[in-house]
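Below is one structure, written out as C-alpha cells, with a few remarks after it.
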Amino acid sequence: MPELPEVEVTRRSFADAILGARVTGLRLGKPLRWPLGVDPETLLGARVGTVQRRGKYLWLPLEGAGGLLLHLGMSGSLAFLDTTPAPGAHDHFDLHTEHGLLRLTDPRRFGAVVWAAGLDAEPVATLLGGLGLEPFDARFDGLHLHARLSGRRVAIKQALLAGDIVVGAGNIYACEALFMAGIDPRLPAGKLSRPRADRLAMAVRGVLGQALEAGGTTLRDFRDAHGVAGSFQMQAQVYGREGEACRRCGTAIRRIVQGQRSTFFCPSCQKR
DNA sequence: CTGGGCTCCTGTCAGC
DNA sequence: TGCTGACAGGAGCCCA
C-alpha cells in the first residue's frame, strides 16, 4: 500500500501529536515481518522524539531507549487514537503513550516494527544502509540517475522500484513517473539517455510531490493517522487503467508484468 | 556485481 | 451461493 507519499502523509499526521509523550505501554499482536528485538518493558517511560522518515520507513526515537523502525509493508497503516478500542484481528502493534495510542493495523503482516539502539545500530543500519537518495534531496538529479543506471540491463521500471538509486517510488508512482517522462517501462535502464534521465528525475519528484499534496493514494484502505483518505488515485494517468483511454492521446492503456508486478503504460506516449 | 524468482500473509473480486 | 485462481500499494533473500 504505502509508498513514500503515504508514509510521509502518515508521519506528518501524528508526529507533532506524539512528540514528547512518554511510553506507557506496549502490546504485540501476531508476528510481523521481524521480531521487535527488545524487551518491551525497557521502553516504558521513554519519551518519543521527532518522528522521521527514510524511504518508506519511519523512525520513532525513544529518548534514552533507542528507537523503533516502522514499515507499513503492503497493507499497513497507522492510527493515532485518543481512545483505546479493543484491538481488531489485524491490529498487531500498539504503542500507548501519554498523548494517545499509536496503533499499527496490517492485515498481510508484511510490515515491521523493529527496535534498535540508534539509526546506526543493527538491524536498522543494514536495513537503511542500502537505500538510494531521497527524491527531494538536491543530489538526486538526472546526472545522478544516469550515472547509476549506466551498464544496467534491467528494465527502467524495475530499477526505479528497487530503491537503491532513489527511494520512495513504489508500483503506482514508478508507473506514473515513467508516463510523465514519456519513457517505456521496458527500456533497459542503461539505455536511458542523459536528457531523458533529466526528465525522469524531474518526473519522479513531480509525481511524488503531487501525490504528497493530494494526501497520498487511497486505492482501498490507506488512511493517515487520523483516518483521512488520500485522493491521488483521481489523478492517476496509467496505474490501474488497463484498457482505458490514455488521457493524453486516447490510446488504450496496457498492462504487462515485470518482476511479478503489474506495470501500466501508454504504448503510444511512452517510447523506448 | 547483476538479474531473476520466490517468499512472507490475508483479503477481495471475477468467473464458473 | 460456493469454490478457485488471480491479484494486491513491499522488499529481503537466495541462487545462478
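Letters go in sequence order (proteins before strands), and every chain restarts at 1.
For CG of A:Asp16, the number of neighbouring non-hydrogen atoms (other residues, nucleotides, ligands) closer than 6.0 Å is 12 at most. Around CG of A:Asp39, the count of heavy atoms belonging to other residues, nucleotides or ligands within 6.0 Å exceeds 12. The 12-atom threshold is exceeded at CZ of A:Arg194, counting heavy atoms of other residues, nucleotides or ligands nearer than 6.0 Å. For A:Arg139, the CZ atom sits in a loose shell: 12 or fewer heavy atoms of surrounding residues, nucleotides or ligands are nearer than 6.0 Å.
Contact check of residues 101-117 of chain A against DNA chain C (heavy atom, cut-off under 4.0 Å) returns A:Arg108, A:Phe110. Remark: A:Gly170, A:Asn171 in residues 144-171 of chain A come within less than 4.0 Å of DNA chain C through at least one heavy atom. Within a heavy-atom distance below 4.0 Å of DNA chain C, the residues of residues 260-267 of chain A found are A:Arg261, A:Ser262.
Contact annotation: A:Lys30 side-chain N/O to B:dT10 OP1/OP2 distance is under 4.0 Å.
Between the CE atom of A:Met74 and the C1' atom of B:dC9 there is a distance of 11 Å, given to the nearest Å. Computed from coordinates, the A:Gln258 CD to C:dG9 P distance equals 13 Å when rounded to whole Å. Here C:dA11 presents its P atom at 10 Å from CG of A:Leu4, a figure rounded to the nearest Å. Residue A:His71 contributes atom NE2, which lies 14 Å from atom P of C:dG9 at whole-angstrom precision. Separating the CD1 atom of A:Ile172 from the C1' atom of C:dC7 is a distance of 14 Å, rounded to the nearest angstrom. For the pair A:Asp91 CG and B:dT10 P, the computed distance is 14 Å after rounding to whole Å. Atom pair A:Leu219:CG and C:dC7:C1' shows a separation of 13 Å (rounding to whole Å applied). As rounded to whole Å, 12 Å separates atom P of C:dA11 from atom CD of A:Glu6.
Side-chain N or O atoms of A:Thr97 include one that pairs as donor or acceptor with a backbone N or O of A:Gly100 at under 3.5 Å. In terms of modelled atom types and a separation under 3.5 Å, the side chain of A:Arg47 and the main chain of A:Gly20 share a donor-acceptor contact. At distances below 3.5 Å, not a single donor-acceptor pair connects side-chain atoms of A:His92 with backbone N or O atoms of A:Leu32. The backbone N or O of A:Glu3 sits less than 3.5 Å from a side-chain atom of A:Glu6, completing a donor-acceptor pair. A:Gln210 places no side-chain N or O within donor-acceptor distance of the main-chain N or O of A:Ala214, the cut-off being under 3.5 Å.
Nearest heavy atoms, A:Arg241 versus A:Cys246: NH1-CA, 4.3 Å. Counting all heavy atoms, side chain and backbone alike, A:Ile172 lies closest to A:Tyr239 at CA-CD1, 3.6 Å. Across every non-hydrogen atom of A:Glu8 and A:Arg53, the tightest pair is OE1-NE, 2.8 Å. Smallest separation of non-hydrogen atoms from A:Thr218 and A:Gln233: N-OE1, 2.9 Å. Closest non-hydrogen pair, A:Phe264 versus A:Cys175, comes out as N-SG, 3.5 Å.
None of A:Val124, A:Val7, A:Leu72, A:Leu127 except one satisfies the side-chain contact (heavy atoms from CB on, under 4.5 Å) rule with A:Tyr57; the exception is A:Leu127.
The separation of C:dC3 from B:dC9, taken at their P atoms, amounts to 23 Å, rounded to a whole angstrom.
Side chains of A:Arg255 and A:Ser262: a donor-acceptor N/O pair is present below 3.5 angstrom, by distance only. A donor atom on one side chain and an acceptor atom on the other are found under 3.5 Å apart for A:Asp91 and A:Thr105.
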Pairwise N/O distances under 3.5 Å, protein to nucleotides 12-16 of chain B:
| residue | atom | partner | partner atom | Å |
| --- | --- | --- | --- | --- |
| B:dT12 | O4' | A:Arg220 | NH1 | 3.4 |

Could you pull out the protein-nucleic contacts involving nucleotides 12-16 of chain C (nitrogen or oxygen on both sides, under 3.5 Å)?
| residue | atom | partner | partner atom | Å |
| --- | --- | --- | --- | --- |
| C:dG12 | OP1 | A:Tyr57 | OH | 2.6 |
| C:dG12 | O4' | A:Arg33 | NH2 | 2.7 |

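The pair A:Glu134-A:Arg54 counts as a salt bridge, with a side-chain nitrogen and a carboxylate oxygen less than 4.0 angstrom apart.
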Go ahead and write out DNA chain B as dot-bracket, 5' to 3': ( ) for pairs within the strand, [ ] for ones crossing earlier pairs, | when the partner sits on another strand, dots for unpaired; Watson-Crick or G-U wobble, both distances under 3.5 Å. .|||||||.|||||||
Check the pair A:Leu102, A:Leu60 against side-chain contact (heavy atoms from CB on, under 4.5 Å), reporting the backbone distance first and the verdict last. CA-CA 11 Å; A:Leu102 183 67; A:Leu60 197 130; 3.8 Å; yes
